[in-house]
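When a residue number appears, it is its place in the shown sequence, counting from 1.
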Amino acid sequence: MDNYFKLACDATIEGMQAGTGGPFGATLVDASGEVIVAVGNTVLRDTDPSGHAEMVAVREACAKLNTLDLAGTTMYATCEPCPMCVAVMMWAGVSKCFFASTRVDAADNGFSDQHLRDYLDGSDPAAFDMEHLDEGRDDCAEIWTEFQRLNA
């Protein structure tokens, strides 16, 4: 486990020193313990708010392994993953995630995700305005018909 966290920390520090990412890193390993990827976040490099380390690790691992299924893998994250990163790990089938620093540590250093957590748990619905249009969007409904046709 120490080596996995070391790889994530090294990638993170390298990215911070290069000005390509912030203080977050991750290593993804397969069921046998082989390292698939070790990355830092790429938010600054790519001007992409979704370039969190866990997201980057999942993207790179899926591309490297040519699969969307990362079942049996384990993520080692330098900090507690945000809701977006938890979601992508769950979508990809990552089996477990170990993390070191907490969301409080991140917030203490200017990286709070509490607004996301408050919105998702329903305690602050005003944090984001989302509205379902249940009528008049036949064009969007047609997408499902085409999907079924293509997958028949």
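- In this structure, Met84 and Leu116 have side chains that are not in contact, with every pair of non-hydrogen atoms separated by 4.5 Å or more.
- Across every non-hydrogen atom of Gly22 and Met16, the tightest pair is O-CG, 3.5 Å.
- Distance CZ/Arg103 to CG/Asp108: 13.0 Å, rounded to 0.5 Å.
- Leu150 has its side chain within reach of Glu146: a pair of non-hydrogen atoms, C-beta onward, lies under 4.5 Å apart.
- Ring orientation note: the planes of Tyr119 and Phe128 are nearly perpendicular, at an angle over 60° on the 30°/60° scale.
- Hydrophobic cluster membership is shared by Met1 and Val29, with clusters built from Ile, Leu, Val, Met, Phe, Trp and Tyr side chains linked at under 4.5 angstrom.
- If you look at Phe24 and Phe111, their ring centroids are closer than 6.0 Å.
- Taking CD from Glu14 and CG from Asp10, the interatomic distance works out to 8.0 Å, rounded to the nearest 0.5 Å.
- Residues Met75 and Val58 form a side-chain contact, since some pair of their non-hydrogen atoms from C-beta on lies under 4.5 Å apart.
- Counting heavy atoms from C-beta outward, Thr42 and Asp48 have side chains that stay 4.5 Å or more apart.
- Within the 4.5 Å cutoff, the side chain of Phe99 has no heavy atoms near those of the Glu54 side chain.
- Looking at every heavy atom in both residues, Cys97 comes nearest to Pro81 through SG-CG, 3.7 Å.
- Atom SG of Cys82 is separated from atom CE of Met55 by 8.0 Å, given to the nearest 0.5 angstrom.
- Residues Cys9 and Thr78 are in side-chain contact: their nearest non-hydrogen atoms beyond the backbone lie under 4.5 Å apart.
- If you chain together hydrophobic residues whose side chains sit under 4.5 Å apart, Phe5 and Val39 never meet in one group.
- Leu65 is listed as a side-chain neighbour of Leu70, based on a closest heavy-atom distance under 4.5 Å.
- Contact between Ala71 and Ser95 at its shortest, heavy atoms only, is C-OG, 4.0 Å.
- Here Arg117 pairs with Asp113 in a salt bridge; the nearest charged N to carboxylate O distance falls below 4.0 Å.
- Between Leu28 and Ala61, the shortest heavy-atom distance links the atoms CD2-CB, 3.5 Å.
- Defined by atom type and a distance below 3.5 Å, a donor-acceptor pair is missing between the side-chain atoms of Asp69 and Thr67.
- Under the 4.5 Å side-chain heavy-atom criterion for grouping Ile, Leu, Val, Met, Phe, Trp and Tyr, Met130 is connected to Leu120 within one hydrophobic cluster.
- In the hydrophobic cluster analysis, where Ile, Leu, Val, Met, Phe, Trp and Tyr join through side-chain heavy atoms closer than 4.5 angstrom, Val35 is grouped together with Tyr76.
- For Ser123 (side chain) and Asp118 (main-chain N/O), a donor-acceptor pair under 3.5 Å exists by modelled atom type.
- More than 12 heavy atoms of other shown residues, nucleotides or ligands fall within 6.0 angstrom of atom CG in Asn151.
- A donor-acceptor pair under 3.5 Å links the side-chain atoms of Tyr4 to the main chain of Gly33, judged by distance alone.
- Minimum interatomic distance between Ala26 and Ala57 (heavy atoms only, all atoms of both residues): CB-CB, 4.4 Å.
- A distance of 12.5 Å separates SG in Cys62 from NZ in Lys64, rounded to the nearest 0.5 Å.
- Taking every heavy atom of both residues into account, Ala53 and Gly40 meet most closely at CB-C, 4.1 Å.
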Decide side chain to side chain contact (heavy atoms under 4.5 Å, CB included) for Leu44 and Thr20; before the verdict, give the C-alpha distance in whole Å, the side-chain angles of both, and the deciding distance to 0.1 Å.
CA-CA 5 Å; Leu44 298 174; Thr20 60; 5.5 Å; no

Residues Asp139, Arg137; criterion salt bridge (Lys or Arg N to Asp or Glu O under 4.0 Å); working and verdict
CA-CA 5 Å; Asp139 50 349; Arg137 293 284 24 117; 2.7 Å; yes

